[in-house]
**Q** 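Dropping the structure in here first, questions after.
Naming convention: chains lettered A, B, ... in sequence-line order (proteins, then strands); numbering from 1 in each chain.
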There are 2 protein chains.
Amino acid sequence: MNRQTDLNILAGTEIFRGLTAEALDEIRRAAFRRRLAKDEVLYHQGDPAATFYVLIVGRLRVTQNTVDGGRITVRYLGAGEMVGYAVLSGAGAHPGTVIAVEDSHLFGWSQESIRQFTGRHPEVAMNAVAALGARYQETQTRLQELSTESVERRIAHTLLRLAHQAGRRTAMGIEIAFPLSRRDVAELAGTTLHTVSRTLSAWEKDGIVMSERRHVIVCRPHALAALDAPAGPL
Amino acid sequence: MNRQTDLNILAGTEIFRGLTAEALDEIRRAAFRRRLAKDEVLYHQGDPAATFYVLIVGRLRVTQNTVDGGRITVRYLGAGEMVGYAVLSGAGAHPGTVIAVEDSHLFGWSQESIRQFTGRHPEVAMNAVAALGARYQETQTRLQELSTESVERRIAHTLLRLAHQAGRRTAMGIEIAFPLSRRDVAELAGTTLHTVSRTLSAWEKDGIVMSERRHVIVCRPHALAALDAPAGPL
DNA sequence: CGATGAGTTGATCCGACTCAACCACGGTGG
DNA sequence: CCACCGTGGTTGAGTCGGATCAACTCATCG
């Protein structure tokens, strides 16, 4: 919690990496801290984009709603990731709702201070471009999957992506390290919780995954990755 | 084709807007021109991201392929839009294939020159963040539609988006101003050309759209936007 | 100890994909 | 000039993946 610790943390974030110690200290001084309890909302879709955040510890979920009640999960955010890119891009409002799925800790900056800082430090803007580009690509990939793949494969890819982003190696396999319900998976994979439940049950029988309520472990990731052929040959 | 014309063109692009005349002239001097005939490929998915472009006139299509033969259309690009953002974000390879759907004209810059320029002009990086953010949002919206809406509504939204991005007012309605086949619409909406054909035929009967081969006019955009209720009540 | 949320599993149904046959148009070449 | 073929488009019939509807169990919580 001291100055040096904060500097090390900031130096490890996707948006501030590569900055000089002086620049890091400058952004540190402009920051405020924000804590979120589990299930607490950071901001709602449509709120004016006034504050930019970086997630330090914890896990956040970004969701997006349509007028007609539809809801999807855009992505989960982990430590070091930026929150509220709309503040940087100059959009007026946040395009999604951000909620903590476990107790979290963030640094925050006002729109003026982060935009001013970004203007003076092109590396920050370049980092933002890189980070946004990566998210854009990931979304593109999901779009691709949703257009062309079966539900089963989409669920498989969803779990693999989560395992990659927030996986923790255990004796049983790769554990997805935050509470994740069937419904959550369904909203990521573009299906219903019923289908997710059936699919996970089948995989559990085959020893591919293990799951309890709101908790998934991927035991055999390679088996998930190789779900093209409808079934193994004789 | 003279210097002043080029400066005016550059000043109107999403990535270079707001720059001083001197900065614009600097980027103009570093640029080279590139012409693409209809159906000519600018670069392929997987090619090293070595050159950054801005589209001056014409229309490009960005597609993305999966290993297993799946293909989607990521988006169409119009005048003033940047092409090859991966060069900015430092990704090693282009994530998609870009092809001209009509004769086009671009400005191009080497990776070193555009990144150096961006490093010296934070506005450019900020513009890039804004542009990428907008594309990210658009993709998010498509993802949302694909997860929650019926094929018919997705086709409707696809046409509305195209009409918005590349529409030309005519006596008959909003004409989509570049060749667009059923297959193209299908790859944007995440469906098959058969379903698109059926849907457009039905809409044509209702006077909502008019279409010939590779050519679509949206006559009653509001009717497309209001396709929620399955059918009008008695 | 009801209540609420998460999960499972069966039965049913339908939207849209698949398969298939066909037409129209526009090059191209004999 | 016409025969040919490839591309784009239309439309019908059949099928099926997965959503929907429904009933029930099991935790967790105030």
**Q** Which is more 5' along DNA chain C, the nucleotide nearest B:G190 or the one nearest A:L180? Just name the residue.
**A**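 Final value for this comparison: A:L180.
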**Q** Once you round it to whole Å, what is the distance between C1' of D:dG18 and CG of A:L200?
**A**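 Going from A:L200 (CG) to D:dG18 (C1'), I get 15 Å.
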**Q** So which of B:V196, B:T199, B:T195, B:T192 actually passes side-chain contact (heavy atoms from CB on, under 4.5 Å) with B:R182?
**A**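 The option that passes is B:V196.
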**Q** With the threshold set at 4.0 Å, does a side-chain nitrogen-carboxylate oxygen contact exist between B:D6 and B:R33?
**A**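 A salt bridge links B:D6 with B:R33.
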**Q** Under 4.0 Å from OP1 or OP2 of C:dA6: is there any side-chain N or O of A:R214 that close?
**A**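 For C:dA6, OP1/OP2 do have a side-chain N/O of A:R214 under 4.0 Å.
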**Q** Which residue lies toward the 5' end of DNA chain D, B:E212 or B:R198, if each is placed at its nearest nucleotide?
**A**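 This one resolves to B:E212.
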**Q** Answer yes or no: does a side-chain N or O of A:T195 lie under 4.0 Å from OP1 or OP2 of D:dA19?
**A**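 Yes, such a contact exists.
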**Q** Provide, to the nearest angstrom, the distance between the CG atom belonging to A:L146 and the C1' atom belonging to D:dG18.
**A**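 Spelled out: CG on A:L146 to C1' on D:dG18 is 13 Å.
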**Q** Over how many whole Å does the gap from A:K38 atom NZ to C:dG5 atom P extend?
**A**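 To the nearest whole Å, that distance equals 13 Å.
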**Q** Indicate yes or no: does A:R153 engage A:E145 in a salt bridge with an N to O separation below 4.0 Å.
**A**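 No salt bridge links A:R153 with A:E145.
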**Q** Between atom CD1 in A:I155 and atom C1' in C:dG7, what is the gap in whole Å?
**A**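 My rounded result for the distance is 14 Å.
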**Q** If only side-chain N and O atoms of A:T191 are considered, is one of them under 4.0 Å from the OP1 or OP2 phosphate oxygen of D:dA19?
**A**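 It does, given that an N or O in the side chain of A:T191 lies less than 4.0 Å from OP1 or OP2 of D:dA19.
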**Q** Does B:E149 pair with B:R142 as a salt bridge, N-O distance under 4.0 Å?
**A**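 No.
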**Q** Is B:S181 close enough to D:dG8 that one of its side-chain N or O atoms is under 4.0 Å from OP1 or OP2 there?
**A**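 Answer no for this pair, as no side-chain N or O of B:S181 is under 4.0 Å from OP1 or OP2.
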**Q** Would you kindly give the CG-to-P distance between A:L193 and D:dG18, to the nearest whole Å?
**A**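 In whole Å, D:dG18 P and A:L193 CG are 16 Å from each other.
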**Q** Please report whether the ring centroid of A:Y85 lies less than 6.0 Å from that of A:F52.
**A**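 No, ring centres 6.0 Å or more apart.
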**Q** Under 4.0 Å from OP1 or OP2 of C:dG7: is there any side-chain N or O of A:S201 that close?
**A**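 For C:dG7, OP1/OP2 do not have a side-chain N/O of A:S201 under 4.0 Å.
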**Q** Starting at atom CG of A:D39, determine the distance to atom C1' of D:dC29, rounded to an integer number of angstrom.
**A**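 After rounding, the reported distance stands at 14 Å.
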**Q** Is there a donor and acceptor pair, one atom on the side chain of A:R213 and one on the base of C:dT4, closer than 3.5 Å?
**A**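 A donor-acceptor contact between them is absent.
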**Q** Do the side chain of A:R183 and the base of C:dT8 come within less than 3.5 angstrom through a donor-acceptor pair of N or O atoms?
**A**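 No, the side chain and the base share no sub-3.5 Å donor-acceptor pair.
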**Q** Would a line drawn from the ring center of A:F178 to the ring center of A:Y76 be shorter than 6.0 Å?
**A**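 Aromatic pair counts; centres sit under 6.0 Å.
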**Q** With distance as the sole criterion, do the side chain of B:H194 and the base of C:dT18 form a donor-acceptor contact below 3.5 Å?
**A**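 Counting by modelled atom types and ignoring angles, no donor-acceptor contact under 3.5 Å is found here.
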**Q** Hey, is the side chain of B:R182 poking within less than 4.0 Å of OP1 or OP2 on D:dT10, counting only N and O atoms?
**A**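 B:R182 to D:dT10 OP1/OP2: side-chain N or O found under 4.0 Å.
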**Q** Could you state the atom-to-atom distance from CZ of A:R153 to P of D:dG18 in whole Å?
**A**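 Atom CZ in A:R153 sits about 12 Å away from atom P in D:dG18.
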**Q** In whole Å, what is the span from the CD atom of B:E187 to the P atom of D:dG9?
**A**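 Distance check: B:E187 CD to D:dG9 P gives 12 Å.
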**Q** Please determine if a side-chain N or O atom of B:S197 lies less than 4.0 Å away from the OP1 or OP2 oxygen of D:dG9.
**A**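 So the side-chain polar atoms of B:S197 never come under 4.0 Å of the phosphate oxygens OP1 or OP2 of D:dG9.
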**Q** B:V151 has a side chain; which of C:dC17, D:dG8, C:dT8 sits nearest to it?
**A**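 The closest nucleotide is C:dC17.
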